[in-house]
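Take a look at the structure set out below.
The structure presented is a predicted model; accordingly, all values stated were derived computationally and were not measured. Each chain gets a letter, A, B and so on, in the order its sequence line appears, and its residues count up from 1.
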There are 2 protein chains.
Amino acid sequence: MTSANQIKKTGNIRAKSKVKILTAARTEFVLQGYRGATVQSIADRAELPKANILYYFKNKENIYHAVLEHTLEMWDEGIGDIEANEGPKVAIEKFIAAKVRMSFKHPEASKIYAMEIIQGAQHLKDYARTYQRQWVREKAKLFQQWIDSGEMVNVDPVHLIFLIWSATQHYADFETQILTIMNRADFEEDDVEQVIAFLCDIILRGCGLI
Amino acid sequence: MTSANQIKKTGNIRAKSKVKILTAARTEFVLQGYRGATVQSIADRAELPKANILYYFKNKENIYHAVLEHTLEMWDEGIGDIEANEGPKVAIEKFIAAKVRMSFKHPEASKIYAMEIIQGAQHLKDYARTYQRQWVREKAKLFQQWIDSGEMVNVDPVHLIFLIWSATQHYADFETQILTIMNRADFEEDDVEQVIAFLCDIILRGCGLI
DNA sequence: TGGCCACCTGACTAGCTGGTTAATAATAAA
DNA sequence: TTTATTATTAACCAGCTAGTCAGGTGGCCA
(Lines give C-alpha, C1' and ligand atoms only; values in the text may rest on other atoms or scores of the structure.)
Protein backbone atom coordinates (compact mmCIF):
# COMPACT_ATOMS: atom_id res chain seq x y z
CA MET A 1 0.00 0.00 0.00
CA THR A 2 1.50 3.29 -1.07
CA SER A 3 1.70 6.41 1.01
CA ALA A 4 -0.79 8.08 -1.28
CA ASN A 5 -3.29 5.30 -0.71
CA GLN A 6 -2.91 5.51 3.04
CA ILE A 7 -3.53 9.20 3.06
CA LYS A 8 -6.51 8.61 0.86
CA LYS A 9 -7.80 5.92 3.21
CA THR A 10 -7.34 8.11 6.28
CA GLY A 11 -9.04 10.91 4.45
CA ASN A 12 -11.83 8.55 3.52
CA ILE A 13 -12.83 7.87 7.11
CA ARG A 14 -12.96 11.59 7.76
CA ALA A 15 -14.77 12.30 4.52
CA LYS A 16 -17.27 9.47 4.97
CA SER A 17 -18.07 10.43 8.56
CA LYS A 18 -18.41 14.06 7.62
CA VAL A 19 -20.79 13.32 4.76
CA LYS A 20 -22.84 11.05 7.02
CA ILE A 21 -23.04 13.77 9.66
CA LEU A 22 -23.80 16.56 7.19
CA THR A 23 -26.58 14.56 5.58
CA ALA A 24 -28.20 13.89 8.94
CA ALA A 25 -27.64 17.49 10.01
CA ARG A 26 -29.22 18.93 6.87
CA THR A 27 -32.37 16.93 7.45
CA GLU A 28 -32.53 17.91 11.11
CA PHE A 29 -31.95 21.60 10.38
CA VAL A 30 -34.74 21.58 7.78
CA LEU A 31 -37.19 19.74 10.03
CA GLN A 32 -36.42 21.54 13.29
CA GLY A 33 -34.63 24.76 12.44
CA TYR A 34 -31.22 25.75 13.77
CA ARG A 35 -32.11 25.82 17.46
CA GLY A 36 -34.56 22.95 17.22
CA ALA A 37 -31.98 20.62 15.73
CA THR A 38 -29.88 19.35 18.65
CA VAL A 39 -26.47 17.77 18.39
CA GLN A 40 -28.07 14.70 19.96
CA SER A 41 -30.81 14.54 17.32
CA ILE A 42 -28.21 14.85 14.56
CA ALA A 43 -26.17 12.10 16.23
CA ASP A 44 -29.24 9.84 16.47
CA ARG A 45 -30.07 10.37 12.81
CA ALA A 46 -26.46 9.72 11.78
CA GLU A 47 -26.36 6.69 14.11
CA LEU A 48 -23.22 7.91 15.86
CA PRO A 49 -22.53 8.92 19.45
CA LYS A 50 -22.89 12.62 20.10
CA ALA A 51 -19.24 13.01 21.09
CA ASN A 52 -18.23 11.64 17.71
CA ILE A 53 -20.13 14.40 15.97
CA LEU A 54 -18.26 16.97 18.04
CA TYR A 55 -14.98 15.26 17.24
CA TYR A 56 -15.43 16.03 13.55
CA PHE A 57 -17.10 19.42 13.95
CA LYS A 58 -15.91 21.61 16.83
CA ASN A 59 -19.42 22.83 17.61
CA LYS A 60 -22.99 23.05 16.38
CA GLU A 61 -22.49 26.28 14.49
CA ASN A 62 -19.66 24.70 12.53
CA ILE A 63 -21.98 21.89 11.49
CA TYR A 64 -24.53 24.43 10.30
CA HIS A 65 -21.93 26.40 8.37
CA ALA A 66 -20.68 23.26 6.69
CA VAL A 67 -24.24 22.27 5.76
CA LEU A 68 -24.92 25.71 4.33
CA GLU A 69 -21.70 25.78 2.31
CA HIS A 70 -22.20 22.24 1.02
CA THR A 71 -25.76 23.13 0.04
CA LEU A 72 -24.94 26.36 -1.78
CA GLU A 73 -22.13 24.71 -3.71
CA MET A 74 -24.37 21.88 -4.86
CA TRP A 75 -27.15 24.30 -5.79
CA ASP A 76 -24.93 26.65 -7.78
CA GLU A 77 -23.38 23.74 -9.66
CA GLY A 78 -26.72 22.26 -10.64
CA ILE A 79 -28.37 25.44 -11.83
CA GLY A 80 -25.96 26.31 -14.57
CA ASP A 81 -26.29 29.79 -15.92
CA ILE A 82 -28.10 32.12 -18.29
CA GLU A 83 -26.09 32.02 -21.48
CA ALA A 84 -25.79 35.17 -23.59
CA ASN A 85 -25.19 33.59 -26.98
CA GLU A 86 -28.36 31.49 -27.14
CA GLY A 87 -30.91 34.27 -27.28
CA PRO A 88 -33.50 34.98 -24.59
CA LYS A 89 -35.91 32.15 -25.34
CA VAL A 90 -33.50 29.25 -25.07
CA ALA A 91 -31.58 30.90 -22.22
CA ILE A 92 -34.68 31.39 -20.06
CA GLU A 93 -36.03 27.94 -20.95
CA LYS A 94 -32.79 26.26 -19.93
CA PHE A 95 -32.57 28.25 -16.72
CA ILE A 96 -36.14 27.50 -15.68
CA ALA A 97 -35.74 23.81 -16.47
CA ALA A 98 -32.52 23.54 -14.47
CA LYS A 99 -34.00 25.31 -11.45
CA VAL A 100 -37.20 23.26 -11.47
CA ARG A 101 -35.23 20.01 -11.76
CA MET A 102 -33.04 21.05 -8.84
CA SER A 103 -36.09 21.97 -6.78
CA PHE A 104 -37.66 18.55 -7.26
CA LYS A 105 -34.37 16.68 -6.83
CA HIS A 106 -33.00 18.52 -3.80
CA PRO A 107 -35.87 20.24 -2.03
CA GLU A 108 -33.96 20.15 1.26
CA ALA A 109 -31.23 22.35 -0.19
CA SER A 110 -33.71 24.99 -1.22
CA LYS A 111 -35.55 24.73 2.09
CA ILE A 112 -32.50 25.28 4.22
CA TYR A 113 -31.55 28.25 2.11
CA ALA A 114 -35.07 29.68 2.33
CA MET A 115 -35.18 29.36 6.11
CA GLU A 116 -31.84 31.07 6.40
CA ILE A 117 -33.06 34.03 4.30
CA ILE A 118 -36.44 34.27 6.03
CA GLN A 119 -34.75 34.47 9.41
CA GLY A 120 -32.58 37.37 8.25
CA ALA A 121 -29.69 35.66 6.44
CA GLN A 122 -27.41 36.05 9.46
CA HIS A 123 -24.98 33.52 8.02
CA LEU A 124 -25.35 34.56 4.37
CA LYS A 125 -25.18 38.35 4.33
CA ASP A 126 -21.82 38.33 2.55
CA TYR A 127 -22.92 35.74 0.01
CA ALA A 128 -25.87 37.87 -1.10
CA ARG A 129 -23.95 41.13 -0.93
CA THR A 130 -21.06 40.01 -3.12
CA TYR A 131 -21.63 36.93 -5.21
CA GLN A 132 -25.40 37.08 -5.69
CA ARG A 133 -25.71 40.82 -6.26
CA GLN A 134 -23.00 40.60 -8.91
CA TRP A 135 -24.72 37.69 -10.61
CA VAL A 136 -28.07 39.51 -10.76
CA ARG A 137 -26.46 42.64 -12.18
CA GLU A 138 -24.76 40.69 -14.94
CA LYS A 139 -27.88 38.81 -15.92
CA ALA A 140 -30.04 41.95 -15.71
CA LYS A 141 -27.67 43.67 -18.10
CA LEU A 142 -28.02 40.75 -20.48
CA PHE A 143 -31.82 40.89 -20.35
CA GLN A 144 -31.65 44.66 -20.93
CA GLN A 145 -29.64 44.11 -24.09
CA TRP A 146 -32.27 41.68 -25.36
CA ILE A 147 -34.95 44.25 -24.53
CA ASP A 148 -33.06 47.08 -26.22
CA SER A 149 -32.57 45.00 -29.36
CA GLY A 150 -36.30 44.22 -29.44
CA GLU A 151 -35.84 40.50 -28.82
CA MET A 152 -38.14 40.60 -25.79
CA VAL A 153 -40.69 43.02 -24.36
CA ASN A 154 -39.75 45.68 -21.83
CA VAL A 155 -40.01 44.06 -18.41
CA ASP A 156 -37.86 44.88 -15.40
CA PRO A 157 -34.96 42.40 -15.65
CA VAL A 158 -34.25 42.27 -11.91
CA HIS A 159 -37.86 41.51 -11.04
CA LEU A 160 -37.92 38.94 -13.83
CA ILE A 161 -35.08 37.14 -12.11
CA PHE A 162 -36.96 37.29 -8.80
CA LEU A 163 -40.03 35.88 -10.52
CA ILE A 164 -38.13 32.92 -11.95
CA TRP A 165 -36.42 32.26 -8.63
CA SER A 166 -39.63 32.33 -6.65
CA ALA A 167 -41.75 30.34 -9.09
CA THR A 168 -39.22 27.53 -9.41
CA GLN A 169 -38.10 27.26 -5.77
CA HIS A 170 -41.72 27.29 -4.66
CA TYR A 171 -41.97 23.62 -5.66
CA ALA A 172 -39.15 22.76 -3.26
CA ASP A 173 -39.94 25.02 -0.32
CA PHE A 174 -43.71 24.52 -0.34
CA GLU A 175 -43.78 20.91 -1.52
CA THR A 176 -45.80 19.90 1.55
CA GLN A 177 -48.51 22.42 0.75
CA ILE A 178 -48.52 21.62 -2.97
CA LEU A 179 -48.75 17.88 -2.39
CA THR A 180 -51.59 18.34 0.08
CA ILE A 181 -53.53 20.63 -2.25
CA MET A 182 -52.97 18.31 -5.22
CA ASN A 183 -53.96 15.40 -2.92
CA ARG A 184 -50.81 13.44 -3.69
CA ALA A 185 -48.36 11.48 -1.57
CA ASP A 186 -45.32 12.19 -3.77
CA PHE A 187 -44.28 13.90 -6.96
CA GLU A 188 -43.67 11.82 -10.06
CA GLU A 189 -41.40 12.18 -13.09
CA ASP A 190 -44.24 13.67 -15.14
CA ASP A 191 -44.87 16.43 -12.61
CA VAL A 192 -41.40 17.86 -13.12
CA GLU A 193 -41.78 18.13 -16.88
CA GLN A 194 -45.29 19.48 -16.55
CA VAL A 195 -44.13 22.25 -14.22
CA ILE A 196 -41.25 23.11 -16.57
CA ALA A 197 -43.65 23.26 -19.52
CA PHE A 198 -46.13 25.41 -17.60
CA LEU A 199 -43.56 27.90 -16.31
CA CYS A 200 -41.74 28.18 -19.64
CA ASP A 201 -45.03 28.68 -21.42
CA ILE A 202 -46.37 31.43 -19.20
CA ILE A 203 -43.10 33.25 -18.54
CA LEU A 204 -41.89 33.16 -22.13
CA ARG A 205 -45.26 34.46 -23.30
CA GLY A 206 -45.07 37.04 -20.55
CA CYS A 207 -41.74 38.17 -22.00
CA GLY A 208 -43.17 38.27 -25.51
CA LEU A 209 -41.07 35.30 -26.59
CA ILE A 210 -43.87 33.05 -27.82
CA MET B 1 -70.22 51.39 36.60
CA THR B 2 -72.45 48.72 35.09
CA SER B 3 -71.74 45.04 35.07
CA ALA B 4 -71.32 45.15 31.30
CA ASN B 5 -68.62 47.75 31.67
CA GLN B 6 -66.78 45.67 34.19
CA ILE B 7 -66.75 42.67 31.94
CA LYS B 8 -65.57 44.83 29.11
CA LYS B 9 -62.84 46.39 31.26
CA THR B 10 -61.69 43.02 32.55
CA GLY B 11 -61.73 41.67 29.05
CA ASN B 12 -59.71 44.63 27.89
CA ILE B 13 -56.82 43.83 30.19
CA ARG B 14 -56.83 40.27 28.91
CA ALA B 15 -57.15 41.34 25.29
CA LYS B 16 -54.46 44.00 25.55
CA SER B 17 -52.00 41.69 27.26
CA LYS B 18 -52.69 38.93 24.77
CA VAL B 19 -52.12 41.22 21.79
CA LYS B 20 -48.89 42.50 23.33
CA ILE B 21 -47.68 38.96 23.90
CA LEU B 22 -48.73 37.71 20.48
CA THR B 23 -46.99 40.60 18.74
CA ALA B 24 -43.76 39.93 20.61
CA ALA B 25 -44.13 36.19 20.04
CA ARG B 26 -44.66 36.55 16.30
CA THR B 27 -41.44 38.52 15.96
CA GLU B 28 -39.49 36.04 18.06
CA PHE B 29 -40.85 33.03 16.18
CA VAL B 30 -39.90 34.60 12.86
CA LEU B 31 -36.42 35.59 13.99
CA GLN B 32 -35.54 32.44 15.93
CA GLY B 33 -37.93 29.70 14.82
CA TYR B 34 -40.19 27.74 17.14
CA ARG B 35 -37.50 26.18 19.31
CA GLY B 36 -35.21 29.18 19.14
CA ALA B 37 -37.85 31.53 20.47
CA THR B 38 -37.90 31.02 24.24
CA VAL B 39 -40.70 32.04 26.56
CA GLN B 40 -38.12 34.27 28.24
CA SER B 41 -37.21 36.02 24.97
CA ILE B 42 -40.89 36.59 24.21
CA ALA B 43 -41.34 37.98 27.72
CA ASP B 44 -38.35 40.30 27.29
CA ARG B 45 -39.67 41.60 23.98
CA ALA B 46 -43.16 42.12 25.43
CA GLU B 47 -41.61 43.72 28.52
CA LEU B 48 -43.49 41.42 30.86
CA PRO B 49 -42.31 38.82 33.39
CA LYS B 50 -42.11 35.30 32.01
CA ALA B 51 -44.69 33.98 34.49
CA ASN B 52 -47.14 36.56 33.20
CA ILE B 53 -46.84 35.16 29.70
CA LEU B 54 -47.63 31.71 31.03
CA TYR B 55 -50.56 33.10 32.97
CA TYR B 56 -52.28 34.12 29.72
CA PHE B 57 -51.12 31.16 27.61
CA LYS B 58 -50.86 27.79 29.30
CA ASN B 59 -47.69 26.85 27.44
CA LYS B 60 -45.38 27.73 24.56
CA GLU B 61 -47.22 25.65 22.00
CA ASN B 62 -50.43 27.52 22.82
CA ILE B 63 -48.67 30.81 22.11
CA TYR B 64 -47.50 29.48 18.77
CA HIS B 65 -50.94 28.22 17.85
CA ALA B 66 -52.46 31.58 18.73
CA VAL B 67 -49.85 33.38 16.62
CA LEU B 68 -50.50 31.08 13.69
CA GLU B 69 -54.27 31.47 13.91
CA HIS B 70 -54.07 35.23 14.31
CA THR B 71 -51.73 35.40 11.32
CA LEU B 72 -53.81 33.26 9.00
CA GLU B 73 -56.97 35.19 9.84
CA MET B 74 -55.32 38.51 9.10
CA TRP B 75 -53.81 37.19 5.87
CA ASP B 76 -57.04 35.70 4.57
CA GLU B 77 -58.94 38.89 5.35
CA GLY B 78 -56.46 41.11 3.54
CA ILE B 79 -56.16 39.07 0.39
CA GLY B 80 -59.77 39.19 -0.65
CA ASP B 81 -60.67 36.80 -3.39
CA ILE B 82 -60.75 36.06 -7.08
CA GLU B 83 -64.14 37.29 -8.25
CA ALA B 84 -65.95 35.44 -10.99
CA ASN B 85 -68.01 38.28 -12.39
CA GLU B 86 -65.17 40.65 -13.28
CA GLY B 87 -63.52 38.61 -15.99
CA PRO B 88 -60.02 37.12 -15.77
CA LYS B 89 -58.03 40.31 -16.34
CA VAL B 90 -59.49 42.41 -13.54
CA ALA B 91 -59.79 39.41 -11.22
CA ILE B 92 -56.12 38.45 -11.55
CA GLU B 93 -55.00 42.07 -11.34
CA LYS B 94 -56.91 42.64 -8.12
CA PHE B 95 -55.67 39.41 -6.62
CA ILE B 96 -52.02 40.09 -7.43
CA ALA B 97 -52.27 43.65 -6.13
CA ALA B 98 -53.83 42.55 -2.84
CA LYS B 99 -51.25 39.83 -2.28
CA VAL B 100 -48.30 42.10 -3.07
CA ARG B 101 -49.64 44.82 -0.76
CA MET B 102 -50.06 42.29 2.05
CA SER B 103 -46.55 40.97 1.47
CA PHE B 104 -45.03 44.42 1.83
CA LYS B 105 -47.28 45.42 4.73
CA HIS B 106 -47.07 42.23 6.80
CA PRO B 107 -43.96 40.33 5.78
CA GLU B 108 -43.80 38.65 9.19
CA ALA B 109 -47.17 37.00 8.61
CA SER B 110 -46.00 35.50 5.35
CA LYS B 111 -42.68 34.48 6.87
CA ILE B 112 -44.15 32.60 9.78
CA TYR B 113 -46.50 30.80 7.42
CA ALA B 114 -43.64 29.95 5.06
CA MET B 115 -41.49 28.56 7.87
CA GLU B 116 -44.35 26.43 9.06
CA ILE B 117 -44.87 24.94 5.59
CA ILE B 118 -41.17 24.43 4.91
CA GLN B 119 -40.80 22.49 8.14
CA GLY B 120 -43.60 20.16 7.16
CA ALA B 121 -46.75 22.05 8.17
CA GLN B 122 -47.11 20.00 11.36
CA HIS B 123 -49.55 22.54 12.77
CA LEU B 124 -51.32 23.33 9.48
CA LYS B 125 -52.02 19.98 7.84
CA ASP B 126 -55.76 20.31 8.37
CA TYR B 127 -55.86 23.89 7.12
CA ALA B 128 -54.28 22.93 3.81
CA ARG B 129 -56.23 19.72 3.50
CA THR B 130 -59.64 21.28 3.94
CA TYR B 131 -59.86 25.03 3.54
CA GLN B 132 -57.01 25.66 1.13
CA ARG B 133 -57.57 22.65 -1.14
CA GLN B 134 -61.19 23.66 -1.48
CA TRP B 135 -60.26 27.25 -2.32
CA VAL B 136 -57.79 26.16 -5.01
CA ARG B 137 -60.34 23.82 -6.58
CA GLU B 138 -62.96 26.52 -6.76
CA LYS B 139 -60.63 29.07 -8.31
CA ALA B 140 -59.14 26.52 -10.70
CA LYS B 141 -62.64 25.74 -11.91
CA LEU B 142 -63.21 29.45 -12.50
CA PHE B 143 -59.99 29.78 -14.51
CA GLN B 144 -60.96 26.70 -16.50
CA GLN B 145 -64.25 28.32 -17.45
CA TRP B 146 -62.40 31.40 -18.69
CA ILE B 147 -60.06 29.13 -20.68
CA ASP B 148 -62.94 27.13 -22.14
CA SER B 149 -64.74 30.29 -23.20
CA GLY B 150 -61.57 31.54 -24.90
CA GLU B 151 -61.11 34.49 -22.53
CA MET B 152 -57.60 33.37 -21.63
CA VAL B 153 -55.06 30.95 -23.08
CA ASN B 154 -54.84 27.35 -21.96
CA VAL B 155 -52.57 27.28 -18.93
CA ASP B 156 -52.87 24.89 -15.98
CA PRO B 157 -55.07 26.78 -13.48
CA VAL B 158 -53.65 25.12 -10.37
CA HIS B 159 -50.08 25.91 -11.34
CA LEU B 160 -51.15 29.44 -12.20
CA ILE B 161 -52.36 29.87 -8.64
CA PHE B 162 -49.04 28.50 -7.34
CA LEU B 163 -47.20 30.95 -9.58
CA ILE B 164 -49.12 33.94 -8.26
CA TRP B 165 -48.70 32.79 -4.68
CA SER B 166 -44.97 32.28 -5.00
CA ALA B 167 -44.22 35.42 -6.97
CA THR B 168 -46.11 37.69 -4.58
CA GLN B 169 -45.06 36.13 -1.28
CA HIS B 170 -41.46 36.13 -2.41
CA TYR B 171 -41.27 39.84 -1.61
CA ALA B 172 -42.23 39.13 1.99
CA ASP B 173 -40.32 35.92 2.67
CA PHE B 174 -37.13 36.90 0.86
CA GLU B 175 -37.18 40.62 1.61
CA THR B 176 -33.72 40.41 3.18
CA GLN B 177 -32.25 38.94 0.02
CA ILE B 178 -34.10 41.31 -2.29
CA LEU B 179 -33.07 44.39 -0.32
CA THR B 180 -29.46 43.26 -0.27
CA ILE B 181 -29.40 42.56 -4.00
CA MET B 182 -31.11 45.87 -4.78
CA ASN B 183 -28.67 47.54 -2.37
CA ARG B 184 -31.41 49.16 -0.34
CA ALA B 185 -32.07 49.59 3.37
CA ASP B 186 -35.87 49.52 3.09
CA PHE B 187 -38.68 49.31 0.60
CA GLU B 188 -40.55 52.47 -0.36
CA GLU B 189 -44.10 53.19 -1.50
CA ASP B 190 -43.04 53.18 -5.14
CA ASP B 191 -41.56 49.70 -4.91
CA VAL B 192 -44.93 48.19 -4.06
CA GLU B 193 -46.67 49.72 -7.07
CA GLN B 194 -43.75 48.85 -9.32
CA VAL B 195 -43.85 45.21 -8.28
CA ILE B 196 -47.61 45.11 -8.82
CA ALA B 197 -47.21 46.62 -12.26
CA PHE B 198 -44.43 44.21 -13.18
CA LEU B 199 -46.23 41.08 -12.01
CA CYS B 200 -49.56 42.08 -13.56
CA ASP B 201 -47.84 42.90 -16.82
CA ILE B 202 -45.93 39.66 -17.19
CA ILE B 203 -48.54 37.29 -15.77
CA LEU B 204 -51.47 38.83 -17.67
CA ARG B 205 -49.46 38.68 -20.89
CA GLY B 206 -48.50 35.13 -19.95
CA CYS B 207 -52.22 34.32 -19.75
CA GLY B 208 -52.91 36.00 -23.07
CA LEU B 209 -54.83 38.80 -21.39
CA ILE B 210 -52.83 41.75 -22.77
C1' DT C 1 -66.02 45.32 56.50
C1' DG C 2 -64.96 41.23 54.40
C1' DG C 3 -65.18 38.00 50.71
C1' DC C 4 -64.47 37.18 45.84
C1' DC C 5 -61.93 37.07 41.74
C1' DA C 6 -58.87 38.48 38.10
C1' DC C 7 -54.29 39.61 37.80
C1' DC C 8 -49.36 39.42 38.86
C1' DT C 9 -44.72 37.49 39.79
C1' DG C 10 -40.34 35.77 42.42
C1' DA C 11 -38.53 31.54 43.40
C1' DC C 12 -38.13 26.98 42.27
C1' DT C 13 -37.42 22.42 39.67
C1' DA C 14 -36.61 18.49 36.54
C1' DG C 15 -34.83 17.71 32.32
C1' DC C 16 -32.30 18.89 28.38
C1' DT C 17 -28.55 21.76 26.03
C1' DG C 18 -23.90 22.26 23.90
C1' DG C 19 -19.58 21.21 24.90
C1' DT C 20 -15.24 19.02 27.56
C1' DT C 21 -12.39 15.49 29.14
C1' DA C 22 -9.88 11.58 29.76
C1' DA C 23 -9.36 6.97 28.78
C1' DT C 24 -9.41 3.56 25.14
C1' DA C 25 -9.27 1.41 20.53
C1' DA C 26 -7.88 1.20 15.75
C1' DT C 27 -4.81 2.19 12.28
C1' DA C 28 -0.55 3.56 10.02
C1' DA C 29 4.62 4.43 10.17
C1' DA C 30 9.06 3.31 11.85
C1' DT D 1 7.29 -4.88 17.19
C1' DT D 2 7.11 -0.25 18.71
C1' DT D 3 5.51 4.25 18.16
C1' DA D 4 2.57 8.06 16.63
C1' DT D 5 -1.52 9.49 14.94
C1' DT D 6 -6.24 9.29 14.37
C1' DA D 7 -10.78 7.76 15.75
C1' DT D 8 -14.11 6.60 19.36
C1' DT D 9 -17.01 7.22 23.27
C1' DA D 10 -18.78 7.03 28.32
C1' DA D 11 -19.13 10.14 31.87
C1' DC D 12 -19.52 14.54 33.25
C1' DC D 13 -20.86 19.64 33.83
C1' DA D 14 -22.59 24.43 33.92
C1' DG D 15 -26.18 26.88 32.02
C1' DC D 16 -30.58 27.25 30.09
C1' DT D 17 -35.41 25.39 29.17
C1' DA D 18 -40.47 25.16 29.87
C1' DG D 19 -43.44 25.01 33.25
C1' DT D 20 -45.23 25.13 38.45
C1' DC D 21 -46.56 27.16 42.60
C1' DA D 22 -47.47 29.76 46.46
C1' DG D 23 -48.04 34.03 47.94
C1' DG D 24 -49.19 38.19 46.83
C1' DT D 25 -52.05 42.90 44.86
C1' DG D 26 -56.06 45.67 43.86
C1' DG D 27 -60.78 46.40 42.46
C1' DC D 28 -65.75 45.53 43.27
C1' DC D 29 -69.96 44.08 45.46
C1' DA D 30 -72.90 42.56 49.38
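The two residues B/R45 and B/A24 have their closest heavy-atom pair at CD-O, 3.5 Å.
One interatomic measurement links the two molecules: CD1 of B/I13 to P of C/dC5, which rounds to 17 Å at whole-angstrom precision. Look at CD on B/E28: it is 15 Å from C1' on D/dT17, rounded to the nearest Å. Rounded to an integer number of Å, the gap from B/N12 CG to D/dG27 P is 16 Å. Across the protein-nucleic acid pair, A/I53 atom CD1 and D/dA10 atom P stand 13 Å apart, rounded to whole Å. Counting to the nearest Å, the P atom of C/dT17 and the CD atom of A/Q32 are 11 Å from each other. Following rounding to the nearest Å, A/K16 (NZ) and D/dT6 (C1') show an atom-to-atom distance of 16 Å. Between B/N52 atom CG and C/dA11 atom C1' there is a gap of 16 Å when expressed in whole angstrom units. The distance from atom CZ of B/F57 to atom P of D/dT20 is 16 Å, rounded to the nearest whole Å.
The residue B/Y56 sits close only to the backbone: its heavy atoms come under 4.0 Å of sugar-phosphate atoms, none of a base.
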*At under 4.0 Å between heavy atoms, which parts of nucleotides 18-23 of chain C does protein reach? Answer with one letter per nucleotide, 5' to 3': B base, S sugar-phosphate only, - none.*
BBB---

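Neither side chain, B/Q32 nor A/Q119, offers a donor N or O lying under 3.5 Å from an acceptor on the other.
Between A/Y55 and the phosphate of D/dT8, there is no side-chain N or O to OP1/OP2 separation shorter than 4.0 Å. The side chain of A/R14 places no N or O atom within less than 4.0 Å of a non-bridging phosphate oxygen (OP1 or OP2) of D/dT6.
Between A/W165 and A/F162, the two ring planes are tilted [angle within 30° to 60°].
Crowding of B/H70 atom NE2: a count of heavy atoms from other residues, nucleotides or ligands under 6.0 Å not exceeding 12.
Applying the ring-ring contact (aromatic ring centres under 6.0 Å, His included) definition to pairs two or more places apart or across chains, those involving residues 12-36 of chain B are B/F29-B/Y34, B/F29-B/Y64, B/Y34-B/Y64.
In summary, B/K94 and B/D81 do not engage in a salt bridge, as defined by a charged side-chain N under 4.0 Å from a carboxylate O.
Comparing D/dA7, D/dA10, C/dG10 by their closest approach to the side chain of B/P49 singles out C/dG10.
Between the side chain of B/R101 and the backbone N or O of B/V192 there is no donor-acceptor pair closer than 3.5 Å.
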